[in-house]
Amino acid sequence: MNKPHPLKGPNKFKLGVFSANADGGLAITDVPERWRAGWDDNLTAVGIADRAGLEFFLPIARWKGFGGKNRVREWSFETFTWAAGLAASTERIGLFMTVHVPIVHPVYAAKALATVDHISGGRAGLNIVCGWNPSEFGMFGIELGGDGYSRAGEWIEIIERCYGTAQPFDFEGQFYKLKQVVSRPASIQSPRPVTMNAAFGPPGRDYAARHCDYLFSTFTDIEDGGRHVADMRERSKAYQREVGVYTVCHVVARETQKEAEDYYERYAVAEADHAAVDQHMSQKVEFANSHDRHAFDLYRKRFAGGAGSYPLVGTPEFIVDEMLKISREGYAGAALTFVNYAYELPFFCDRVLPLMKQAGLRVA
């Protein structure tokens, strides 16, 4: 009998690793130890996370980078094949795929997602993204419209119907008109693998409330984070559903507070890839609805450090105190990034996880 997905496990505050499939992870920096995201690098990082009992490994989907000296995130692994390879190399951790809805046909997605779910024994997950970067979609000859979440609604409905019946079916929608669709095998998880969506604006959050199990949201201050959780609770009530809310944090964990803050200053300020930071921020401001608008003015360092996510910078004790505050605001967990996952995850797992257990955030 297959076990429940790791995100349905007993830990109060669940943890994952984010963006290890992409050059640099989320850090936009020129330090020599920056993440290169080779395949062996990914195997090393996921092995550490899997053995430590972290709940999930989550990729970003990138097709074009943000320029700068290092052509940041131009190198990234495609997420279906990446997850399949990692699924065969791990035992417990959840493996997500991040999919741009306009690029990937739902019948193909259904087959690929079910394949990873079978390889992993029911540990697959799907991060649904409608897209925000026009230059990337131009590579595919696709123009982004204002109806992305309507398309995504049909897209996930088709996937669920693929798994829900072994008989061919027709689908007549606004965006998809399909004939005699069938897709076997169905996913191990029912009615489909766990789903998430990262959204800040109302349309995306309404979509998550209706179709997803989890929402990823950002905040600039922990004390302000609770309003995002409250907002999702209200939206999901309309559909008689519960949607867990997660956030993203970039981590610098060191023995002393000074050591952590000095390294953060080095990689995110002194040796940041400033041209890439400028391009990333300008595209986010113009096309994405992923952060409070004032965050772009106040927190340039955070965008170099971790794409505008919240920083957890300090000693293990300080980081656990911060996660306690995030948990008290109603968050179910966090996806974490590091400058170099293989170098920094062992210290985090050895020193931070036991303190989280003592604090009641984790039982294992």
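Predicted model only: the values in this text are computed from it and were never measured. Reckoned from all heavy atoms, side chains included, excluding hydrogens, waters and symmetry mates.
- For Phe56 and His5, the distance between ring centers is not under 6.0 angstrom.
- Here the side chain of Ser187 pairs no donor or acceptor atom with the backbone of Ala114 at under 3.5 angstrom.
- For the residue pair Tyr239 / His211, no side-chain donor-acceptor distance below 3.5 Å is found, with atom types taken as modelled.
- A salt bridge between Asp262 and Arg266 is absent, with no side-chain N of the basic residue lying under 4.0 Å from a carboxylate O of the acidic one.
- A donor-acceptor pair under 3.5 Å is absent between the side-chain atoms of Arg362 and the main chain of Leu353, judged by distance alone.
- At a threshold of 4.5 Å between side-chain heavy atoms, the hydrophobic network of Ile, Leu, Val, Met, Phe, Trp and Tyr places Tyr163 and Met196 in two separate groups.
- With hydrophobic clusters built from ILVMFWY side chains whose heavy atoms lie under 4.5 angstrom apart, Val313 does not share a cluster with Ile222.
- Look at Arg233 and Glu242 and you find no salt bridge, because none of the NZ, NE, NH1 or NH2 atoms lies under 4.0 Å from a carboxylate O.
- Under 4.0 Å is where a charged nitrogen must lie from a carboxylate oxygen, and between Lys237 and Glu234 at least one such pair does.
- Taking the six-membered ring for Trp and the full ring otherwise, His100 and Phe140 have centroids separated by 6.0 Å or more.
- Side-chain contact between Glu329 and Lys325: absent, with no pair of heavy atoms (C-beta onward) separated by less than 4.5 Å.
- Residues Arg300 and Val277 have side chains in contact (heavy-atom distance under 4.5 Å, counting atoms from C-beta outward).
- Cluster membership for Leu312 and Leu26, using ILVMFWY side-chain heavy atoms within less than 4.5 angstrom, is not shared.
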After noting the C-alpha distance and the side-chain angles of Gln174 and Asp147, does the key distance pass the side chain to side chain contact (heavy atoms under 4.5 Å, CB included) rule?
CA-CA 10 Å; Gln174 178 183 354; Asp147 50 9; 4.2 Å; yes

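- For the pair Ser190 (side chain) and Arg192 (backbone), a donor-acceptor distance under 3.5 Å is absent.
- For Arg73 (side chain) and Lys64 (main-chain N/O), no donor-acceptor pair under 3.5 Å exists by modelled atom type.
- Taking the centre and axis of the six-membered ring of Phe347, the NZ or CZ atom of Arg254 falls outside the cone set by 45° and 6.0 Å.
- Ring geometry for Tyr149 against Tyr207 counts as tilted: the plane angle lies between 30° and 60°, on a 0 to 90° scale.
- Under the 3.5 Å distance criterion, the side-chain polar atoms of Asp23 are left unmatched by any main-chain donor or acceptor of Ala37.
- One finds a salt bridge joining Arg235 and Asp206 here, because a Lys/Arg side-chain nitrogen approaches an Asp/Glu carboxylate oxygen to under 4.0 Å.
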Steps toward side chain to side chain donor-acceptor pair (under 3.5 Å) verdict (Tyr310, His250):
CA-CA 6 Å; Tyr310 189 80; His250 54 285; over 6 Å; no

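- When atom types are taken as modelled, the side chain of Lys111 and the backbone of Arg184 share a donor-acceptor pair closer than 3.5 angstrom.
- Side-chain N or O atoms of Glu344 include one that pairs as donor or acceptor with a backbone N or O of Val339 at under 3.5 Å.
- Linking ILVMFWY side-chain heavy atoms closer than 4.5 Å, directly or via other members, places Leu86 and Ile119 in two distinct hydrophobic clusters.
- Without hydrogens or angle criteria, Glu55 side chain to Gly9 main chain gives no donor-acceptor distance under 3.5 Å.
- A ring-centre distance under 6.0 Å is found for Tyr246 and Tyr214.
- For the pair Phe171/Lys177, no side-chain contact is recorded, criterion being any heavy-atom separation below 4.5 Å from C-beta on.
- The environment of CD in Glu143 is sparse: at most 12 heavy-atom neighbours from other residues, nucleotides or ligands sit within 6.0 Å.
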Can you list the steps and then say if Leu15 with Leu336 is a side chain to side chain contact (heavy atoms under 4.5 Å, CB included)?
CA-CA 7 Å; Leu15 296 172; Leu336 307 177; 4.1 Å; yes

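- Put simply, the residue from Asp50, Thr90, Asn21, Val17 that forms a side-chain contact (heavy atoms from CB on, under 4.5 Å) with Phe57 is Val17.
- By the rule that hydrophobic residues join a cluster once side-chain heavy atoms approach within less than 4.5 Å of another member, Trp82 and Phe18 end up as members of separate clusters.
- In this structure, Arg302 and Thr220 have side chains that are in contact, with non-hydrogen atoms separated by less than 4.5 Å.
- For Tyr267 against Ala27, the heavy-atom pair with the smallest separation is CE1-CB, 3.8 Å.
- Between the side chain of Glu154 and the backbone N or O of Tyr176 there is at least one donor-acceptor pair closer than 3.5 Å.
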One pair to check against salt bridge (charged side-chain N to carboxylate O under 4.0 Å, His left out): Arg62 and Glu74. What are the steps and the verdict?
CA-CA 7 Å; Arg62 284 270 72 84; Glu74 185 172 290; over 6 Å; no

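- With contacts defined as side-chain heavy-atom distances shorter than 4.5 Å, the pair Leu324/Leu361 qualifies.
- Between the Thr79 side chain and the Thr98 main chain, a donor and an acceptor come within less than 3.5 Å of each other.
- Taking the six-membered ring wherever Trp is involved, the centroid distance between the rings of Phe348 and Tyr341 does not fall below 6.0 Å.
- Between Pro346 and Ile48, the closest side-chain pair of non-hydrogen atoms falls below 4.5 Å.
- Aromatic ring centres of Tyr331 and His228: separated by at least 6.0 Å.
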Between Lys301 and Glu265, is a salt bridge (charged side-chain N to carboxylate O under 4.0 Å, His left out) present by the stated rule, with each step listed?
CA-CA 8 Å; Lys301 186 176 182 179; Glu265 183 74 13; 2.9 Å; yes

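- Counting only heavy atoms from C-beta outward, the side chains of Thr29 and Asp273 never approach each other to under 4.5 Å.
- Put simply, the side chain of Phe216 does not reach to within 4.5 Å of the side chain of Asn197, judged on heavy atoms.
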Take Asp41 and Arg36 through the test salt bridge (charged side-chain N to carboxylate O under 4.0 Å, His left out) and record every step on the way to the result.
CA-CA 8 Å; Asp41 298 327; Arg36 306 293 175 170; over 6 Å; no

Assess whether salt bridge (charged side-chain N to carboxylate O under 4.0 Å, His left out) is satisfied between Asp231 and Arg205, documenting all intermediate values.
CA-CA 9 Å; Asp231 176 67; Arg205 293 193 169 186; 3.4 Å; yes

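- Salt bridge status for Arg241 with Asp213: present, with a side-chain N to carboxylate O gap under 4.0 Å.
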